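Single-structure report; data block below.
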Amino acid sequence: MDTPFSTIAVVGLGTMGTGIAEVLARAGHEVVGIDIDGAASRRAVASLEAATERAVRRGRITERERGRVLARFRTHDDLRAAADAELVVEVVPESYEIKQQVFRELDAIVSPNAILATGTNALSVTRLAAESLRPERVLGLHFFNPAPAMRLVEVVSSVLTAPPAVEAVTALARSLGKEPVAVGDRPGFVADGLLFGYLNQAAAMYEANYASREDIDAAMRLGCGLPMGPLALLDLIGIDTARTVLEAMYASSHDRLHAPAPVLRQLSEAGLTGRKAGRGFYTYAEPGSRTVVPDALTPGEGTSPVAGRPVRSVGVAGSGTMASGIAEVFAKAGHDVVLVARGREKADAAKARIAKSLERSVAKGRLTAEARDGALARITPAGSPDALAEVDLAVEAVAEDLAVKQQLFATLDKVCKPGAVLATTTSSLPVVAIARATSRPQDVVGMHFFNPAPAMKLVEVVRTVLTADDVRATVHEVCGTIRKHPVDCGDRAGFIVNALLFPYLNNAIKMVEEHYASLDDIDAAMKLGGGYPMGPFELLDVVGLDVSLAIEKVLHDEFRDPGLAPAPLLEHLVAAGCLGRKTGRGFREHARR
């Protein structure tokens, strides 16, 4: 089955089929585009003409090369046009009945050596192959949208697929400038298998009225560096499409994380399927537009009915990286900062760390020497919480241990002046349990910064059932002065970011446990197919496997969902002392610093 693939047929000329046809034609292959809808064929030709015209304008190809590309793409409305193709890629709607009908007809048309590839991202390749007369030549070839831009291609083998077919298609993907990842046959494969569970949880979080759609999306963009928030991405993918993929995943896994959130069904049945319909989680200027327009759910600007408390001086309790970073942020914004540690020596060391950070900013041209000196002058190190007596806002950034935080807040309750706002930076502990250690729980709020605090723009504002309105307003106003983006969420394990991020990381570990895909393939799939700045295993090693395990346990304990139980492999690595970069070994080996 050593096939040169001089002629390739693409069946189905929707957005994905058109994109695949463009990639193939521009790479020098004769492409036969087939669609029973003549309008779809005309749109595909127009799309290729427009794309190649842009390429000429940008100097990427010549006008002569453009002519050759256009000549290599021919459209037809009959499957018999695929008779001479060495490879057929079908990208018809996600329906077993439709795809099986296409495969049955192709069996009688193409040569016995032709490879048949399905572009499904949700259906069983094995089930489709079993309907073919020659199942050994059937496999999955899953491109990502938009196909010309996205580098990932998942090459999906069933138990029936012949290795030479996989090798031939993998070589083709590389020749197209793509990164092929070999995966087995299960719904969602790697990228969508991890992505859609995360999207589903975000939809459920929104449906529960836990946070607004804008705050959920902003949290994941700013907290994780993702190109799009999950609800905006669901609108782009199509809410009906997402529901179909999740139904297929749930039918296979019976994992509650894959059971489609009811809001997906409600929106789908109402015809509110996202951008293509002009409305989904958001409202768009018109069907197909990417421009979001205000609707009844859009928050107003500066409409808070309550004013915050004045904040001039800020106290930061802690001496670690997070405490130093938060102190630096406030000092650069013009606040007087009291930096308290357990002993003056540790406080001085924390200030010295800030000085080095500021010096790096000066060296990179991000900060002037005058601004550096001013920020340092505004930081006063202290060795006792008594120094926080007159601050307007006290921010705790000590160890992630409930007893330690409660003890500190009991001290702050006695030391800080009446009306001071007391904030905890916890990422996983119940804020209300910390607040109850004081006699003024109405003054306590969660203010979860992300590491490194000077660089990360997100702050999760965690309000308990006892937090006063003006305390929440105070934190929002303060975030504006320090150039951070606040998002509101309730006092629930993981808040927004960790509640969505860590189940995704846990599911990636389970894929490795099940020998479904390798660390490298999973990391590549999520970076190239999902737009993640880091793959899940790269991120786990950076965060620390012990920290990740602790957060997974908190999520599992609170939600009692079996799907959130920490993966045994994660527990084993932590027990072995393999904690990631900080120990030199986690999921991968790292050079010790």
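Nothing here was measured: the structure is a model prediction, and the numbers come from that model.
The distance from the OG1 atom of Thr52 to the CZ atom of Arg68 is 14.0 Å, given to the nearest 0.5 Å. Separation of atoms CG (Leu13) and CZ (Arg43) is listed at 9.5 Å; rounding is to 0.5 Å. Note that OH of Tyr504 is 7.5 Å distant from CG of Leu539, once rounded to the nearest 0.5 Å. Distance CD1/Ile61 to CD/Glu53: 10.5 Å, rounded to 0.5 Å. Note that the CD1 atom of Ile98 and the CZ atom of Phe103 stand 13.0 Å from one another [nearest 0.5 Å]. Distance check: Ile8 CD1 to His29 NE2 gives 4.5 Å after rounding to the nearest 0.5 Å.
You'll find the side chain of Leu24 reaches within 4.5 Å of the side chain of Leu176, heavy atoms only. In this structure, Tyr532 and Cys224 have side chains that are not in contact, with every pair of non-hydrogen atoms separated by 4.5 Å or more. Between Ile237 and Leu199 there is a side-chain heavy-atom pair separated by less than 4.5 Å. Using a 4.5 Å cut-off on side-chain heavy atoms (C-beta onward), Tyr284 and Val293 make no contact. Tyr516 has its side chain out of reach of Lys510: every pair of non-hydrogen atoms, C-beta onward, lies at least 4.5 Å apart. Side-chain contact between Ser41 and Ile34 is absent, with no heavy atoms from C-beta onward closer than 4.5 Å. Contact check for Met220 versus Val497: side-chain heavy atoms found under the 4.5 Å cut-off. Looking at heavy atoms from C-beta onward, Leu116 lies in side-chain contact with Asp107 at the 4.5 angstrom threshold.
Ring-plane geometry between Tyr206 and Phe281 is classed as perpendicular, the angle between the planes exceeding 60 degrees on a 0 to 90 degree scale with a lower cut at 30. Between Tyr250 and His254, the ring-plane angle classifies as perpendicular under the 30° and 60° cut-offs. The aromatic rings of His448 and Phe450 sit tilted relative to each other, their planes meeting at an angle between 30° and 60°.
Remark: the backbone N or O of Leu569 is paired with a side-chain donor or acceptor of Glu513 at under 3.5 angstrom. Listed for the Thr161 side chain is a donor-acceptor partner under 3.5 Å among the backbone atoms of Val138. Of the possible donor and acceptor atoms, one in the side chain of Glu154 sits under 3.5 Å from a partner among the backbone N and O of Ala191. Between the side chain of Tyr198 and the backbone N or O of Leu500, no donor-acceptor pair lies under 3.5 Å. Counting only distance, with no hydrogens or angles, the side chain of Glu90 and the backbone of Val92 share a donor-acceptor pair below 3.5 Å. With hydrogens and angles disregarded, no donor-acceptor distance shorter than 3.5 Å links the side chain of Asn498 to the backbone of Ala493. In terms of modelled atom types and a separation under 3.5 Å, the side chain of Lys178 and the main chain of Thr170 share no donor-acceptor contact. In terms of modelled atom types and a separation under 3.5 Å, the side chain of Asp185 and the main chain of Val125 share a donor-acceptor contact. Side-chain atoms of Glu131 never come within 3.5 Å of backbone atoms of Gln100 as a donor-acceptor pair (strictly under, hydrogens ignored). In this structure, Ser175 contributes its side chain and Leu172 its backbone to a donor-acceptor pair below 3.5 Å.
Salt-bridge formation is detected for the pair Glu269/Arg265: a Lys NZ or Arg NE/NH1/NH2 atom is positioned less than 4.0 Å from an Asp or Glu carboxylate oxygen. Between Asp35 and Arg42, no side-chain nitrogen of the basic residue sits less than 4.0 Å from a carboxylate oxygen of the acidic one, so the salt-bridge criterion is not met. Electrostatic pairing of Asp523 and Arg588 counts as a salt bridge here, judged by a charged N lying under 4.0 Å from a carboxylate O.
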Problem set entry | Stepwise side-chain contact (heavy atoms from CB on, under 4.5 Å) test for Lys553 and Glu571 | CA-CA 10 Å; Lys553 286 181 175 178; Glu571 295 184 304; 4.1 Å; yes

Exercise. Would His258 and Asn200 count as a side-chain contact (heavy atoms from CB on, under 4.5 Å) if you check the C-alpha gap in whole Å, the side-chain angles of each, and the deciding distance to 0.1 Å?
Worked result: CA-CA 7 Å; His258 300 149; Asn200 192 41; 5.6 Å; no

Exercise. What do the steps show when you test Arg26 against Glu22 for salt bridge (Lys or Arg N to Asp or Glu O under 4.0 Å), and what is the final call?
Worked result: CA-CA 6 Å; Arg26 292 180 67 166; Glu22 177 185 336; 3.1 Å; yes

Exercise. Hey, mind stepping through Arg290 and Arg275 against side-chain contact (heavy atoms from CB on, under 4.5 Å) and telling me if it holds?
Worked result: CA-CA 7 Å; Arg290 66 174 62 185; Arg275 281 192 191 180; 3.5 Å; yes

For this session: I would like to know whether Leu267 and Leu234 meet side-chain contact (heavy atoms from CB on, under 4.5 Å); could you show each step before the answer?
Result: CA-CA 11 Å; Leu267 290 171; Leu234 279 164; over 6 Å; no

For this session: Evaluate salt bridge (Lys or Arg N to Asp or Glu O under 4.0 Å) for Glu179 paired with Lys527, printing each intermediate quantity in order.
Result: CA-CA 11 Å; Glu179 292 282 346; Lys527 287 191 290 185; over 6 Å; no

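The number of heavy atoms from other shown groups lying within 6.0 Å of CZ (Arg66) is above 12. Around the CG atom of Leu133, the shell of radius 6.0 Å holds more than 12 heavy atoms that belong to other residues, nucleotides or ligands.
In plain terms, the two heavy atoms of Ile509 and Ala567 that are nearest each other are CG2-CB, 3.5 Å. Here the shortest heavy-atom pairing between Leu519 and Phe587 reads CD1-O, 3.4 Å. In terms of heavy atoms, Gly197 sits closest to Leu246 at N-CD2, 4.4 Å. Residues Ala82 and Ile109 share a closest heavy-atom pair of C-CG2, 4.3 Å. Of all heavy-atom pairs between Gly280 and Ile239, the closest is CA-CD1, 3.8 Å. Residue Ile115 comes nearest to Arg137 through the heavy atom pair CG2-O, 3.4 Å, listed as atom of the first residue, atom of the second, then distance.
Side-chain N/O atoms of Asp84 and Thr7 include no donor and acceptor closer than 3.5 Å. In this structure, a donor-acceptor pair under 3.5 Å is absent between the side chains of Ser6 and Glu30. Looking only at atom types and distance, the side chain of Thr241 has no donor-acceptor partner in the side chain of Thr244 under 3.5 Å away.
The one candidate from Lys99, Glu97, Arg104 that meets the side chain to side chain donor-acceptor pair (under 3.5 Å) condition with Gln101 is Arg104. Of the residues Thr15, Asp235, Asp240, the one that meets the side chain to side chain donor-acceptor pair (under 3.5 Å) test with Lys276 is Asp240. Test Val543, Val547, Leu564, Val554 against Phe502 for side chain to side chain contact (heavy atoms under 4.5 Å, CB included) and you get one pass: Val543.
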